[in-house]
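This report concerns only the one structure given below.
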Amino acid sequence: MLTGKTIMISGASSGIGAAAARLFARRGAQVVLMARKQEPLRRLVDELTADGARALAVAGDVTSSADVRHAVAETVRCFGGLDAAFNNAGWGTAGFAVHEVPDAMYDHIMDVNVRGVWNCLRQQIPVMLEQGRGGAIVNTSSTAGQFATGAVAPYVAAKHAVLGLTKAAAADYGSKGIRVNALVVGSTRTPLMKAAMQFMPSEDAAHARAVQRRLALPEEVAEAAAWLCSDLASFVTGAAVAVDGGVGAI
């Protein structure tokens, strides 16, 4: 599905991002992994290269335009271009009503989820335009991008904004062959979800609205991202693709 493609993945040190790195590599992609923590990235790259994949770790923070610029430049330097990107880095929590959210928490959530996607789009798209062969970008949103889920209000607002950025970028660059889509992800068994569940009465509360009555596995979300990054999704752009266990069906 992804043979010969070079794909950049942010938030790649754990959870959905790490699952995507493994899956994309198995499907034939060269992967560039970006996250703040160098050591988990190094271990993951060692794992992938031991299995015969081509992988590069670039430590950096998506909230920093300079860090993202460096990661994209390293991608081009090492692999000669950029075919697709999975902008997956995000952060959120629960347990705070609107008036209880500290300024620092609001700033961090908006920076990681919105500015992070913004920074990635601004650095990835020029490379794809210069190459002249199009590309595919997938941004991680959430069911919180469509309704209040119980996560803190800034996270709900941020994931709505990710859908807006996705649609705007799809409209701007569709004529250039660059497809931009978002995943509307339901509750998924990740370290971030584990931390958020401390504010819930039980794990069941995390997936109470889902038809399938369970948490997603990170690999299930990664499968959807792989499809959107591939040529199999050639007529899909500007979409909010639900990977939510049926939350949107009710």
Side-chain angles (χ1 to χ4, degrees), residues 8-21 33-41 44 57-68 71 85-98 100-124 137-166 182-200 203 205-207 215-218 221-222 224-225 240 243-244:
M8 175 181 168
I9 305 168
S10 70
S13 61
S14 65
I16 294 168
L33 312 182
M34 182 182 183
R36 290 179 297 111
K37 298 176 182 177
Q38 175 72 51
E39 186 56 28
L41 285 183
L44 182 52
V58 184
D61 189 335
V62 294
T63 68
S64 165
S65 181
D67 282 6
V68 177
F86 183 26
N87 298 326
N88 170 72
W91 188 83
T93 188
F96 297 83
V98 171
E100 298 170 333
V101 175
D103 287 347
M105 180 182 290
Y106 174 91
D107 290 343
H108 185 57
I109 289 172
M110 297 301 287
D111 273 353
V112 174
N113 294 285
V114 184
R115 186 179 296 278
V117 170
W118 170 255
N119 283 338
C120 288
L121 291 172
R122 287 201 304 160
Q123 301 301 326
Q124 294 156 353
I137 297 173
V138 181
N139 301 319
T140 299
S141 184
S142 163
T143 52
Q146 298 183 323
F147 56 84
T149 59
V152 291
Y155 183 79
V156 175
K159 291 304 187 180
H160 274 73
V162 170
L163 293 181
L165 285 172
T166 298
L183 296 180
V184 178
V185 179
S187 296
T188 304
R189 196 173 295 282
T190 64
L192 184 62
M193 189 69 220
K194 182 178 180 181
M197 284 195 296
Q198 68 179 301
F199 299 105
M200 303 176 189
E203 181 175 306
H207 53 73
L215 298 177
L217 297 175
V221 181
V243 191
D244 63 4

Between [atom1] on residue [X] and [atom2] on residue [Y], distance to nearest 0.5 Å:
{"X": "Ile9", "Y": "Leu41", "atom1": "CD1", "atom2": "CG", "result": "10.5 Å"}
{"X": "Met8", "Y": "Ile137", "atom1": "CE", "atom2": "CD1", "result": "10.0 Å"}
{"X": "Ser141", "Y": "His160", "atom1": "OG", "atom2": "NE2", "result": "8.0 Å"}
{"X": "Thr93", "Y": "Tyr155", "atom1": "OG1", "atom2": "OH", "result": "10.5 Å"}
{"X": "Met110", "Y": "Arg115", "atom1": "CE", "atom2": "CZ", "result": "10.0 Å"}

Answer yes or no: is there a side-chain heavy-atom contact under 4.5 Å between [X] and [Y]?
{"X": "Pro154", "Y": "Val101", "answer": "yes"}
{"X": "Leu163", "Y": "Val184", "answer": "yes"}
{"X": "Leu121", "Y": "Asn87", "answer": "yes"}
{"X": "Trp118", "Y": "Leu165", "answer": "yes"}
{"X": "Phe86", "Y": "Thr140", "answer": "yes"}
{"X": "Met105", "Y": "Ile109", "answer": "yes"}

Would you say the side-chain atoms of [X] pair up with the backbone N or O of [Y], donor to acceptor, closer than 3.5 Å?
{"X": "Ser10", "Y": "Ala89", "answer": "yes"}
{"X": "Asn119", "Y": "Val62", "answer": "yes"}
{"X": "Gln146", "Y": "Thr143", "answer": "no"}
{"X": "Asn113", "Y": "Trp91", "answer": "yes"}

Cys120: which of Arg122, Gln124, Gln123 passes side chain to side chain contact (heavy atoms under 4.5 Å, CB included)
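The passing option is Gln124.
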Take Met34 and Asp67 through the test side chain to side chain contact (heavy atoms under 4.5 Å, CB included) and record every step on the way to the result.
CA-CA 9 Å; Met34 182 182 183; Asp67 282 6; 4.1 Å; yes
Going by atom types only, do Asp111 and Thr63 share a side-chain donor-acceptor pair under 3.5 Å?
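Side chains of Asp111 and Thr63: no pair found under 3.5 Å.
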